[in-house]
J.: 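One structure, as structure tokens, below. Some questions next.
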Amino acid sequence: MANLKSISTDKQEQERFALDKVSLANKNLHLSIEVREDTVLACLLDKDKTQYLAWASYNRKDEKNANRPLPGILKEEMLNVKCSGSSVVFTHNSAMLIPSSFFAQESVKDYLKQQNLIKAGETPCSDFIKNNDCYSVYAVDSSDYTLLKEKYPQAAFRHHSSVFVEYLLAQHKSNTKNEVHVCVFPGYMDMVALQAGKLILYNRYPIQTANDFTYFLLWVYEELKLKPQDSPCFFYGDIGEKSDLYQLALKYLKNIRLAEKPGRFTFSSQLESLPAHAYYSLFMQYLCI
């Protein structure tokens with residue numbers, strides 16, 4: 001097991017873990033990266049032991065709230081550990097799901113233009129979601145995409161929608177109940193609704209206030225005619241049991257909970273204190289590439 005040591009960072013950074021390069025040498029490692037609007041997250045998985053050894057968060061803003069260039073972040077130690085595999089997931093920008101029977105690779109940019117989901121300076125992309133036989137179509141910042149492609153030419157690139165939907169369908173394919181899964185980010189939330197293990201909804205909703213959050217959450221239950229007592233809601237991302245958002249959801253739905261750690265993996269002792277639900281999309285991406 002790698003010998004990790006917690007170190008302090010500036011106020012603009014979250015906690016990260018220093019690496020003992022000697023302990024990591026000769027391990028079969030996978031590097032997972034999640035690129036958010038203001039943050040880059042990363043973790044290292046020992047593939048042979050299926051154990052996460054390290055995690056870090058790099059803020060894309062400096063102390064003066066100025067943009068911190070991605071090339072500087074990509075020089076960080078954890079992002080340069082020798083690994084046998086790597087993957088990159090983008091969270092920003094909405095995605096749309098298109099059934100395979102209607103999908104054409106050469107039309108990806110047109111799909112996005114029709115829904116106003118692509119802007120100047122962005123690259124159109126698509127991912128195949130095997131468990132739903134569809135494609136997730138989305139756009140990413142061209143500068144970020146080019147830099148990461150050059151840095152990790154063999155990496156698998158995905159959008160959060162692809163990873164979230166793929167993972168949930170795989171994990172709950174034998175479930176007979178209805179469920180709602182909500183991943184909260186600053187400014188928006190991704191929602192997936194499953195009916196007896198089948199996808200009946202994926203969408204992203206903008207949330208600027210707690211009222212926005214409550215409105216969209218309850219709207220999904222009402223629109224899909226889901227009974228709160230029989231259809232549990234699982235939360236991921238920037239939400240905790242003591243947060244205002246969680247308490248609001250509890251007020252109206254009752255049958256809610258935070259997602260538990262992925263059962264397929266273990267975590268080094270230094271990572272046990274991490275709220276796994278907050279970084280679920282980072283820890284589960286290895287299973288969806």
Side-chain angles (χ1 to χ4, degrees), residues 34 36 41 89 91-97 129 131-132 134 136 138 158-265 267 274-285 287-288:
E34 182 173 303
R36 301 185 180 185
L41 302 171
V89 165
T91 66
H92 41 305
N93 286 348
S94 295
M96 59 186 296
L97 303 187
I129 302 178
N131 287 320
N132 199 52
C134 70
S136 176
Y138 57 99
R158 298 285 187 274
H159 188 261
H160 177 260
S161 58
S162 310
V163 172
F164 199 40
V165 170
E166 188 83 76
Y167 177 81
L168 292 174
L169 287 173
Q171 290 296 108
H172 300 274
K173 60 183 177 182
S174 299
N175 203 335
T176 59
K177 295 182 178 180
N178 297 331
E179 296 179 343
V180 175
H181 298 262
V182 182
C183 191
V184 180
F185 296 95
Y188 55 88
M189 61 183 183
D190 282 0
M191 295 186 65
V192 168
L194 303 178
Q195 186 176 61
K198 303 295 184 181
L199 181 71
I200 57 173
L201 170 83
Y202 162 77
N203 207 355
R204 173 168 289 185
Y205 300 97
I207 49 172
Q208 299 302 322
T209 67
N211 287 337
D212 294 337
F213 169 82
T214 308
Y215 172 81
F216 288 119
L217 186 62
L218 297 181
W219 182 86
V220 165
Y221 270 83
E222 182 178 352
E223 186 72 11
L224 299 179
K225 296 179 172 57
L226 300 175
K227 296 179 179 179
Q229 65 270 25
D230 300 325
S231 306
C233 185
F234 299 86
F235 287 105
Y236 312 74
D238 293 348
I239 187 171
E241 289 184 340
K242 295 182 179 180
S243 68
D244 292 341
L245 295 185
Y246 190 90
Q247 292 302 313
L248 270 173
L250 186 61
K251 178 180 178 181
Y252 293 105
L253 297 180
K254 307 300 181 185
N255 193 3
I256 68 173
R257 67 203 73 169
L258 298 179
E260 298 179 353
K261 287 184 177 179
R264 292 279 298 273
F265 304 108
F267 292 77
L274 274 179
H277 78 276
Y279 310 107
Y280 215 90
S281 52
L282 176 71
F283 292 130
M284 69 187 178
Q285 69 173 256
L287 298 175
C288 306

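In what follows, residues are counted from 1 in the order of the sequence shown. Keep in mind that what you see is a predicted model, and the values were worked out from it rather than measured.
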J.: Where do F283 and F267 land on the ring pair (Phe, Tyr, Trp, His ring centres under 6.0 Å) test, with the steps shown first?
T.: CA-CA 10 Å; F283 292 130; F267 292 77; 5.0 Å; yes
J.: For the atom pair CD (Q195) and CG (N175), what is the distance rounded to the nearest 0.5 Å?
T.: 11.5 Å
J.: Please round to the nearest 0.5 Å and tell me the distance separating atom CZ of R257 and atom OH of Y246.
T.: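 It is 8.5 Å, given to the nearest 0.5 Å.
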J.: Does any part of the side chain of Y202, heavy atoms only, come nearer than 4.5 Å to the side chain of I129, both counted from C-beta?
T.: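 In short, these two side chains do not touch, never coming nearer than 4.5 Å.
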J.: Any non-hydrogen side-chain atom of N255 less than 4.5 Å from a side-chain atom of P228?
T.: no
J.: Could you tell me whether the side chain of Y221 reaches within less than 4.5 Å of the side chain of C233, counting heavy atoms only?
T.: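 Of all side-chain heavy-atom pairs linking Y221 with C233, at least one is under 4.5 Å.
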J.: Does a donor on one side chain and an acceptor on the other come within less than 3.5 Å for Y167 and Y280?
T.: yes
J.: Going by side-chain hydrogen bond (donor to acceptor under 3.5 Å, both in side chains), name the residues that satisfy it together with T176, two or more places apart in sequence or in a different chain.
T.: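 T176 satisfies side-chain hydrogen bond (donor to acceptor under 3.5 Å, both in side chains) with no residue once adjacent residues are dropped.
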J.: Would one find more than 12 heavy atoms of other residues, nucleotides or ligands at under 6.0 Å from atom CG of D244?
T.: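 Check fails, neighbour count at 12 or below.
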J.: Where the side chain of E34 meets the backbone of L41, is there a donor-acceptor pair that is under 3.5 Å apart?
T.: no
J.: Can you tell me how far apart CG (N211) and CG (L248) are? Round to the nearest 0.5 Å.
T.: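 It comes to 7.5 Å.
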J.: If you measure from NZ on K225 to OG on S231, what distance do you get to the nearest 0.5 Å?
T.: 13.0 Å
J.: For the pair S243 (side chain) and I239 (backbone), establish whether a donor and an acceptor sit closer than 3.5 Å, ignoring hydrogens and angles.
T.: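 Pair absent, no side-chain N/O of S243 close to backbone of I239.
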J.: Apply side-chain contact (heavy atoms from CB on, under 4.5 Å) to Y205 and V220, showing your working.
T.: CA-CA 11 Å; Y205 300 97; V220 165; 3.6 Å; yes
J.: Do V192 and L199 have side chains that approach each other closer than 4.5 Å (heavy atoms only, starting at C-beta)?
T.: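 The answer is yes; the side chains approach within 4.5 Å.
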J.: Could you walk me through whether F235 and I256 satisfy the side-chain contact (heavy atoms from CB on, under 4.5 Å) test, starting with their C-alpha distance in whole Å, then the side-chain angles of each, then the deciding distance to 0.1 Å, before giving a yes or no?
T.: CA-CA 8 Å; F235 287 105; I256 68 173; 3.9 Å; yes
J.: Report yes if the side chains of S281 and V89 come closer than 4.5 Å at any heavy-atom pair, otherwise no.
T.: no
J.: Looking only at non-hydrogen atoms, find the nearest pair between A259 and H277 and report the distance.
T.: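 Result for this residue pair: O-CB, 3.4 Å.
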J.: Of the non-hydrogen atoms in L217 and A249, which two are nearest, and what is the gap between them?
T.: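 Taking L217 first and A249 second, the nearest heavy atoms are CD2-CB, 3.8 Å.
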J.: Can a salt bridge be assigned to the pair K177 and E179 using a cut-off of 4.0 Å between side-chain N and carboxylate O?
T.: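 Here K177 does not pair with E179 in a salt bridge, since their nearest N and O are not under 4.0 Å apart.
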J.: For a 4.5 angstrom cut-off between non-hydrogen side-chain atoms, does L201 reach L224?
T.: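 Result yes, sub-4.5 Å side-chain heavy-atom pair found.
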J.: Hey, does I207 have a side-chain heavy atom less than 4.5 Å from the side chain of V184?
T.: yes
J.: Nearest 0.5 Å, please: how far is CD in Q247 from CD in E241?
T.: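 E241 CD to Q247 CD: 8.5 Å, rounded to 0.5 Å.
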J.: Ignoring hydrogens, what is the shortest heavy-atom contact between A95 and S136? Give both atom names and the distance.
T.: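 Heavy atoms only, the tightest pair is CB-OG, 3.5 Å.
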J.: Take M191 and N203 through the test side-chain contact (heavy atoms from CB on, under 4.5 Å) and record every step on the way to the result.
T.: CA-CA 6 Å; M191 295 186 65; N203 207 355; 5.7 Å; no
J.: Checking side chain to side chain contact (heavy atoms under 4.5 Å, CB included) between F164 and each of Q285, R158, H181, H159, which is the one that passes?
T.: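 Of the listed options, the one satisfying the test is H181.
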J.: Return yes if some donor-acceptor pair links the side-chain N/O of D190 with the main-chain N/O of R204 below 3.5 Å, else return no.
T.: no
J.: Return the CZ to CZ distance between R36 and F185, rounded to the nearest 0.5 Å.
T.: 5.0 Å
J.: So, for K261 and A276, which heavy atoms are closest and what is the spacing to 0.1 Å?
T.: CG-CB, 3.1 Å
J.: Within a 6.0 Å radius of atom CD on E260, are there more than 12 heavy atoms belonging to other residues, nucleotides or ligands?
T.: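 Atom CD in E260 is not crowded, with 12 or fewer foreign heavy atoms closer than 6.0 Å.
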J.: Can you say whether the rings of F234 and H172 are parallel (under 30°), tilted (30 to 60°) or perpendicular (over 60°)?
T.: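 F234 vs H172 ring planes: tilted.
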J.: Do the side chains of L253 and V180 get nearer than 4.5 Å, heavy atoms only?
T.: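 No. Closest side-chain heavy atoms not under 4.5 Å.
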